[in-house]
Trainee: 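Once you've had a glance at the structure underneath, I'll fire off some questions.
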Amino acid sequence: MFVTGKGGVGKTTVAVGLALAAAEADGEAVYVEFGDGASGRRLLRNRPNGLECVVIDPSRAVVKAAASVFGSTMLAKVALDNFAMRPLIRAAPAIRELGVLELARQVVEKHPGKRVVFDMPATGHSVAWLKVARQGRELTGRGPVHDLCARLEEELISPRHASIVVVTLPERLVLWETLSLCDTVEKEVGLSVDRLVVNRVPHALPAGALDDALLLSKSPGPIGEAAQELAALLCVRDAIREQVMQALDDTVHRYGEERGGDAGLTLLPLAAKDPTAATAAGGLRSAGAA
Amino acid sequence: MNHPEVIVCVGGGGVGKTTASAAIALSLANSGRRVLIVSIDPARRLADAMGVELGTQARALSLDSGSGQLYGLMPNPDDALRTFVEFLFEEEPAAVERLLQNRLYQVLEAAVPGIHELAAISLTWRAIVEHEVDAVVIDTAPSRNAVDFISYPKSLAKLLGGRAVGWMAAIGKRTSIVSPDDRMGRVEQLLVRALGPVARDVAGLFAEMARVRKRFILLNEHTSKLLLRPETRYFLVASSTAAARDDVGYLIKKLGKLDMTPQAILLNSAFVPEREWAHVLEAASVTTAAIDEVLSTLTLDREARQRATARFTKDFSKRYPNLPQVLLPFVEAVEPRSIVHALAQYLDFPALVASR
């Protein structure tokens, strides 16, 4: 399961939440993050026994993964760890991404039958990660890199094994970007997006609150003035909520209808403090997303 | 040309970095400066916050007041590589044609992290000269790797100047490129075997890039002048969450490796300004159940935000005692533009910098 979305949308919280829910339902699950492992440590302080955490360090992925291309770690070192290739690998991002994907594939291979949740890196276009295997296969035509890419497509990114969860925010711009991301994933990666999680959807105002405030603001004196301030704030909140619901309706719901009914949409509520992974797991479970 | 003052905002995703950058730029322009704001954030937020359209040209923006000027530059990520290549090969149009035919280039065109930033820097330089601005505010990508691109042209120039390129380009000249042959060294044989026929495209790309080594060095000078002069001011932007704190810590370390120290951290939506009217209504006996519910939610949210900010600032002061913290209010508005304007009023950036 690949959890993707742009930076700051709460992707990691959702990914950890899904991994927790999977560990609870199946008894076992794996959470994979890319980078220094800080988010897993932060969100999984009370990690249940069945949940394994794996950290993939992109900066060391290439030489590690290349062993499977060149047949041995020693040959990989000869080919890649030299004066010419070191700066090339540092400068060419696609190579690093292939390396990372290969390590991801090895994690899946090591845990047959378990659900593996990948917290994808928040690069501008995280979908580029998923495209790189196909591009590499088509580009090389044959040879070990070609075989590596084909294996990634077959064992990691194939619709038979993989599902995609996209986390987004209820803002028009972000939603548009998300939908074009979904299109790209479908057309260029060949995977369909199984679920959209819209995070931080503002609550509706309590019924009648705005009307009550408007009514009260007609009364004279300091109470009336105070009620005017309240009414002004509630008007702003109401308009923001209205805008959010409109944007959701215009984009996400229509997106679902084009695909025949349920787009697999989950809304998580806005809170002053972001939810913990356990709360998110509960929210996702009750919304049927986990 | 006098060198413009350069301000760079860095921070993780979702912390309101674009809003803070736009507020800084607007505040400077309101005080009479000629300001250029550049967003490298591919999320198109600046377009939303300031009404800038995507494009390779900087556009003039409207101001609240004052005699200054504000220009916005928001390069389109989809054109980034093409823009970049056109900049590099300005003097060699034939090479552009050859590159467009290169299969590796065609793949790279789809998406290469880092190229967008470099394209944006070359466009920024052009806009500075064209509009004679005296301050530049750069809103970097919402990522921990946002500053990686700074050292990218340098390492590319180094790569292109080293033995590696001549060696790679030579592979392209060999006739039997598609299969390893005896004349090749061991490393070459391994590479050609691993890559297959595409080795020729790789080698071709390097041969072209080697031709523009001088331009890479020029680009490196541009990025260094904009981003690595001791006078360049870095501002961290965060919100009061543990994730944002970790991102900022990571960025401080990265900036340290570039010998840069941030000026201050701007903490977005750090507090809700005191609402006197809420106390008036709480004390009144004429409110309804719905109003009471709203009032208690407002108080709870306000307190939660206060607690989160207190936790953040305490922890941050312990780790970075010498780094000033600027707390920004939580502003609620329908239009992103109104939030930027409110923050620009609150921030008074020239005074903030002068006080340091």
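Labels below follow one simple rule: chain letters A, B, ... track the order of the sequence lines, proteins then strands, and each chain is numbered from 1.
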Trainee: Just how far is it from atom CD of A/Gln243 to atom CD of B/Glu335, taken to the nearest 0.5 Å?
Mentor: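 Rounded to the nearest 0.5 Å, the CD-CD separation comes out at 6.5 Å.
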Trainee: Not counting sequence neighbours, which residues clear salt bridge (charged side-chain N to carboxylate O under 4.0 Å, His left out) with A/Glu153? List them please.
Mentor: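 Scan of A/Glu153 (salt bridge (charged side-chain N to carboxylate O under 4.0 Å, His left out), adjacent residues dropped) gives A/Arg137.
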Trainee: Under 4.5 Å from any heavy atom of chain A, what part of B/Arg307 do you find: side chain, backbone, both or neither?
Mentor: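 Neither; nothing under 4.5 Å.
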Trainee: Which region of A/Leu230, side chain (C-beta onward) or backbone (N, CA, C, O), has a non-hydrogen atom less than 4.5 Å from a non-hydrogen atom of chain B, or is it both or neither?
Mentor: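 Both the backbone and the side chain of A/Leu230 come within 4.5 Å of chain B.
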Trainee: With a 4.5 angstrom heavy-atom cut-off, which part of A/Val236 approaches chain B: side chain, backbone, both or neither?
Mentor: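 A/Val236 touches chain B through backbone and side-chain heavy atoms alike.
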Trainee: Contact part of B/Ala333 toward chain A, heavy-atom cut-off under 4.5 Å: side chain, backbone, both or neither?
Mentor: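 Answer is backbone: N, CA, C or O of B/Ala333 sit under 4.5 Å from chain A.
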Trainee: Could you list which of residues 279-286 of chain B have a heavy atom closer than 4.5 Å to any heavy atom of chain A, in residue-number order?
Mentor: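 Within residues 279-286 of chain B, the residues under 4.5 Å from chain A are B/Val280, B/Leu281, B/Ala284, B/Val286.
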Trainee: Is the shortest side-chain N to carboxylate O distance from B/Arg275 to A/Glu229 below 4.0 Å?
Mentor: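 Looking at A/Glu229 together with B/Arg275, the answer is no, because their closest N to O distance does not fall below 4.0 Å.
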Trainee: Would you compute the distance between atom CG of A/Leu215 and atom OG1 of B/Thr288 and round it to the nearest 0.5 angstrom?
Mentor: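 If we round to the nearest 0.5 Å, A/Leu215:CG and B/Thr288:OG1 are 9.0 Å apart.
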Trainee: Where on A/Glu138 is there a heavy atom nearer than 4.5 Å to chain B: the side chain, the backbone, both, or neither?
Mentor: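 Contact with chain B is through the backbone of A/Glu138 alone.
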Trainee: Between A/Leu233 and B/Glu332, which heavy-atom pair has the shortest distance, and what is it?
Mentor: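 Taking A/Leu233 first and B/Glu332 second, the nearest heavy atoms are CD1-OE2, 3.3 Å.
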Trainee: Taking 4.5 Å as the heavy-atom cut-off, does anything in residues 145-152 of chain A contact chain B, and if so which residues?
Mentor: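 So the qualifying residues are A/Val145.
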Trainee: Heavy atoms, side chains only, cut-off 4.5 Å: are B/Trp277 and A/Ile223 in contact?
Mentor: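 B/Trp277 vs A/Ile223: side chains apart.
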Trainee: Mind ranking B/Ile291, B/Asp292, B/Leu298 by heavy-atom pairs under 4.5 Å with chain A and telling me who comes out on top?
Mentor: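 Winner by heavy-atom pair count: B/Ile291.
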Trainee: What are the residues of residues 206-214 of chain A, in order of number, with any heavy atom under 4.5 angstrom from a heavy atom of chain B?
Mentor: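 So far as heavy atoms go, A/Pro206, A/Ala207, A/Gly208, A/Ala209, A/Asp212, A/Ala213 are the residues that approach chain B to under 4.5 Å.
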